[in-house]
Amino acid sequence: MTLEEALSKIQPLDGKAEEEAEKRWHSIAKPLHSLGKMETLVTQIAGITGSADIDIRKKALVAMCADNGVVEEGVTQTGQEVTAIVAENFLTGDTSACVMCRRTGTDVFPVDVGMVSDTKVPADLKVMYGTRNMTKGPAMTREEAVRGVEAGIEMARRLKEKGYGILATGEMGIGNTTTSSAVASVLLDRSAEEMTGRGAGLSSEGLERKIQAIKKAVKLNCPDRKDPLDVLAKVGGLDIAGMAGVFLGGAALRIPVVMDGFISCTAALVAQRICPEAGNYMIASHVSREPAAELILNALGKEAVIHGDMCLGEGSGAVALFPFLDMGAAVYAEMSTFEDIKVDQYEELV
């Protein structure tokens with residue numbers, strides 16, 4: 001499915017399914033709205049899927065793996081070889097997110113969308129061998145950025161075909177907090193200082209190098225904030241592009257997609273700026289410790305469930321939300337109604 005085809009399929013949420021879900025929640029033998037975001041998220045899922053019968057038992061984490069040329073500027077603690085190592089660890093189940101996936105019954109699908117080396121990770125959707133150094137010119141051409149987005153759309157299509165009912169977005173790519181900060185700063189018209197954090201533990205000197213690299217890249221490439229694909233191509237990364245595609249593919253195919261932390265949320269922002277309606281198909285999981293995370297969530301109109309000071313990435317925050325959603329779906333499906341127990345139903349009071 002091309003980007004253009006996916007965009008043509010994205011429609012408003014199914015209001016009838018949402019109404020049916022709300023009616024079901026109101027009939028359950030408990031005080032109205034007492035499960036808070038459990039209720040609102042399950043209702044949102046009904047609107048996304050177009051059915052008040054909620055089935056999110058089959059879950060997948062899509063981990064987009066890519067390298068970023070801006071690492072040449074000394075913006076990270078580690079080298080690009082770490083991207084390949086951790087990406088292959090997704091296959092063996094030896095990452096933090098994989099441990100969480102085993103606990104939550106989630107299948108893991110790493111994707112080589114743009115790593116500098118070839119690994120055992122599936123690479124049939126690979127766009128290029130790492131992006132270019134954005135401080136010396138555009139990180140990608142527009143065509144390469146679109147291909148990255150379409151790689152994510154294709155993953156959403158494949159997983160929909162396999163019967164997955166909900167997707168989590170994750171990533172692995174050394175240097176991707178730098179690209180995410182650059183993209184977010186342009187799209188939200190905020191300063192690099194405000195949008196940039198220490199990532200995986202940069203020193204104060206390293207943080208300053210990172211900020212200066214972002215400023216240099218933005219000044220040199222002049223990305224157009226009104227054109228999210230232009231911003232993505234000039235100062236973004238292929239992991240961001242791939243996740244943006246998963247969000248857009250999920251919206252086109254009516255699959256709920258859970259946002260992870262800062263990098264995933266930046267990808268969600270790109271997707272939402274490409275197609276505003278797609279934002280309604282996204283579910284927020286947590287607020288990352290990165291400084292720009294809450295600003296992005298606010299821009300997306302999303303409220304996170306988890307406030308745990310997490311900033312690991314890999315999709316860990318998105319997967320951490322799955323038990324919460326599972327419990328909400330279980331109460332929604334299994335709880336007795338007021339009619340069942342012969343008790344008068346609660347009423348909305350002003």
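Note that this is a predicted model, so its numbers are computed, not measured.
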Show the nearest heavy-atom pair for residues Leu220 and Met134, with the distance to one decimal. CD2-O, 4.2 Å
Side-chain heavy atoms nearer than 4.5 Å, only ILVMFWY residues, links allowed to pass through others: does that put Leu3 and Leu159 together? yes
In short, Ala145 meets Leu229 closest at the heavy-atom pair CB-O, 4.4 Å
Rounded at 0.5 Å granularity, tell me how far CG in Leu187 sits from OG1 in Thr266. 8.5 Å
Is it the case that atom CD in Glu194 sees more than 12 heavy atoms from other parts of the structure closer than 6.0 Å? yes
Should we count CZ of Arg102 as having more than 12 external heavy atoms under 6.0 Å? yes
Under the 3.5 angstrom rule, does the side chain of Glu277 hit a backbone N or O of Ile10 as a donor-acceptor pair? no
Straight-line distance of Thr2 OG1 to Glu150 CD, nearest 0.5 Å: 5.5 Å
Determine whether more than 12 heavy atoms belonging to other residues, nucleotides or ligands lie under 6.0 Å from atom CZ of Arg142. yes
Side-chain touch Val258/Leu167, heavy atoms, less than 4.5 angstrom: no
With no hydrogens and no angle check, is any side-chain donor or acceptor of Glu290 less than 3.5 Å from a backbone partner on Phe262? no
If two hydrophobic side chains count as joined below 4.5 Å and joins carry through other members, does Met172 share a cluster with Leu91? no
Identify the heavy atoms of Cys98 and Asn89 that sit nearest to each other, and give their distance. SG-O, 4.3 Å
Ring-face cation contact, Tyr129 with Lys126, 6.0 Å cut, 45° max: yes
Salt bridge between Glu72 and Lys136, side-chain N to carboxylate O under 4.0 Å? yes
salt_bridge(Arg157, Glu154) N-O dist < 4.0 Å: yes
Expected output: side-chain Ser288 to main-chain Cys311 donor-acceptor under 3.5 Å: no
Greater than 12 external heavy atoms within 6.0 Å of Lys9's NZ: no
Roughly how far apart are Arg209 CZ and Ile214 CD1, rounded to 0.5 Å? 13.0 Å
Taking only Lys NZ, Arg NE, NH1 and NH2, and the carboxylate oxygens of Asp or Glu, determine whether Asp224 and Lys226 approach each other closer than 4.0 Å. no
Do Leu7 and Leu248 touch side chain to side chain, with heavy atoms closer than 4.5 Å? yes
For Glu144 and Arg132: C-alpha separation, side-chain torsions, deciding distance, then whether salt bridge (Lys or Arg N to Asp or Glu O under 4.0 Å) applies. CA-CA 11 Å; Glu144 288 162 344; Arg132 302 168 192 91; 3.0 Å; yes
Main-chain N/O of Pro223 paired with Lys234 side-chain donor or acceptor, under 3.5 Å: no
Does atom CD (Glu20) have a neighbourhood of more than 12 heavy atoms from anything else shown, all under 6.0 Å? yes
Find out if a path of hydrophobic residues (ILVMFWY) with successive side-chain heavy-atom gaps under 4.5 Å connects Val62 to Leu321. no
Supply the atom-to-atom distance Thr40 OG1 to Glu22 CD, rounded to the nearest 0.5 angstrom. 10.0 Å
Between Val149 and Leu232, is a side-chain contact (heavy atoms from CB on, under 4.5 Å) present by the stated rule, with each step listed? CA-CA 10 Å; Val149 172; Leu232 178 63; 3.9 Å; yes
Scan side-chain atoms only and decide if Asn176 and Asp239 contain a donor-acceptor pair under the 3.5 Å cut-off. yes
Side-chain donor or acceptor of Lys302 paired with backbone N/O of Cys265 under 3.5 Å: no
Taking Asp67 for the side chain and Val116 for the main chain, is one N or O donor matched with an acceptor at less than 3.5 Å? yes
Non-hydrogen atoms of Gly317 and His286 that approach each other most closely: CA-CD2, 3.6 Å
Report the C-alpha separation of Thr106 and Phe322 in whole Å, then their side-chain angles, then the decisive distance to 0.1 Å, and conclude whether the side-chain contact (heavy atoms from CB on, under 4.5 Å) test is met. CA-CA 9 Å; Thr106 304; Phe322 281 161; 3.3 Å; yes
Where do Ala87 and Cys65 come nearest, in terms of heavy atoms and distance? CB-SG, 3.7 Å
d(Ile45 CD1, Ile54 CD1) to nearest 0.5 Å is 6.0 Å
Can Phe90 be reached from Met100 by stepping across I, L, V, M, F, W or Y side chains whose heavy atoms are under 4.5 Å apart? yes
Would you check if the side chain of Arg225 reaches a backbone N or O of Val186 as a donor-acceptor pair within less than 3.5 Å? yes
Could you tell me whether the side chain of Arg289 and the main chain of Met310 form a donor-acceptor pair under 3.5 Å? no
Apply the test side-chain contact (heavy atoms from CB on, under 4.5 Å) to residues Ile28 and Ser336: give CA-CA distance (whole Å), side-chain angles for both, the deciding distance (0.1 Å), then the verdict. CA-CA 6 Å; Ile28 289 174; Ser336 299; over 6 Å; no
Minimum-distance pair of heavy atoms, taken over all atoms of Gly249 and Ile153: N-CG1, 4.0 Å
Do the charged groups of Arg24 and Asp53 touch, with an N to O distance under 4.0 Å? no
Apply side-chain contact (heavy atoms from CB on, under 4.5 Å) to residues Leu300 and Leu269 and explain how you reach the verdict. CA-CA 7 Å; Leu300 288 167; Leu269 182 63; 4.1 Å; yes
Using the rule that Ile, Leu, Val, Met, Phe, Trp and Tyr join whenever any side-chain heavy atoms are under 4.5 Å apart, tell me whether Val270 and Val231 fall into a single cluster. yes
Please set out all donor-acceptor pairs under 3.5 angstrom arising from side-chain atoms of residues 326-335, sequence neighbours excluded.
unit_1: Asp326; atom_1: OD1; unit_2: Lys59; atom_2: NZ; d: 3.2
unit_1: Asp326; atom_1: OD2; unit_2: Lys59; atom_2: NZ; d: 3.1
unit_1: Tyr332; atom_1: OH; unit_2: Ala52; atom_2: O; d: 2.6

Under a 3.5 Å cutoff, is there a donor and acceptor pairing between the side chains of Glu73 and Thr135? yes
Enter the distance from Glu161:CD to Leu253:CG here, rounded to the nearest 0.5 Å. 10.0 Å
Are the side chain of Asp112 and the backbone of Ala66 linked by a donor-acceptor contact shorter than 3.5 Å? no
Would a distance-only check, ignoring hydrogens and angles, find a side-chain to backbone donor-acceptor pair under 3.5 Å from Ser285 to Met259? yes
Should Lys30 and Glu39 count as an ion pair when the cut-off is N to O under 4.0 Å? yes
Under the side chain to side chain donor-acceptor pair (under 3.5 Å) rule, what do Ser181 and Lys210 come out as? Steps first, then yes or no, please. CA-CA 9 Å; Ser181 294; Lys210 186 175 179 180; 5.1 Å; no
Just checking, is any N or O donor in the side chain of Thr169 or Ser264 under 3.5 Å from an acceptor N or O on the other one? yes
